[in-house]
Amino acid sequence: MATSDKSFYLAVILYQSSSGSQPPLYEECFTLIKANSLEKARQRAKDCATKAECSYLTEDGKTVSHSLIKIVDINNVLDDDLQDGGNIYARHFRNFAAYSAFEPLISGEDI
């Protein structure tokens with residue numbers, strides 16, 4: 001790949017939103033990055049992630065803080081062509097019970 005060619009990368013970014021005594025809410029974002037190297041994709045992901053950090057007041061006067069916890073992964077998308085039905089990211093795991101406990105959509109929980 002020539003250095004001027006850009007590829008798509010996918011960054012998995014983990015955030016936490018917290019407000020007072022409420023339990024925190026975690027958000028896992030899959031952010032599409034276009035860069036000409038993995039190192040530049042890492043920097044762009046970091047820039048995007050820190051830009052998303054913020055605090056704001058709710059209608060009832062509580063402060064909510066949205067903070068970066070970690071950039072979990074950055075990798076080339078699996079199909080750089082980005083067409084219907086194409087795969088962009090995959091990850092593997094061994095513990096389905098832990099995944100089920102983590103993923104509220106599997107149990108039908110409404111977040």
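A quick note: this is a predicted structure, and the numbers were derived from the prediction, not measured. Nothing fancy with the numbering, it's 1 onward along the sequence.
No side-chain N or O of Thr63 forms a donor-acceptor pair with one of Ser55 less than 3.5 Å apart.
Residues forming a side-chain hydrogen bond (donor to acceptor under 3.5 Å, both in side chains) with Asp47 (at least two apart in sequence, or on another chain): Gln43. The ring pair (Phe, Tyr, Trp, His ring centres under 6.0 Å) search around Phe8 returns none, not counting sequence neighbours. Applying the ring pair (Phe, Tyr, Trp, His ring centres under 6.0 Å) criterion to Tyr56, with sequence neighbours excluded, gives no partner residue.
Relative orientation of the Phe93 and Phe96 rings is parallel, given thresholds of 30° and 60° on the angle between their planes.
For the atom pair OH of Tyr9 and CG of Leu32, the computed distance is 12.0 Å after rounding to the nearest 0.5 Å. Atom NZ in Lys6 sits 8.0 Å away from atom NZ in Lys40 (nearest 0.5 Å). In this structure, CD on Glu27 lies 11.5 Å from OG on Ser67, to the nearest 0.5 angstrom.
Judged by distance alone, the side chain of Asn87 and the main-chain N or O of Tyr89 form no donor-acceptor pair under 3.5 Å. Checking side-chain atoms of Asp79 against main-chain N and O of Asp81 turns up a donor-acceptor pair under 3.5 Å.
In this structure, Val12 and Ile74 have side chains that are not in contact, with every pair of non-hydrogen atoms separated by 4.5 Å or more.
Annotation for Ile13 and Ala49: closest pair CG2-CB, 3.8 Å, computed over non-hydrogen atoms. Between Tyr15 and Cys48 the shortest heavy-atom distance is OH-O, 4.1 Å.
Using a 4.0 Å cut-off between charged nitrogen and carboxylate oxygen, Arg91 and Glu28 count as a salt-bridge pair.
Under the 4.5 Å side-chain heavy-atom criterion for grouping Ile, Leu, Val, Met, Phe, Trp and Tyr, Phe30 is connected to Ile69 within one hydrophobic cluster.
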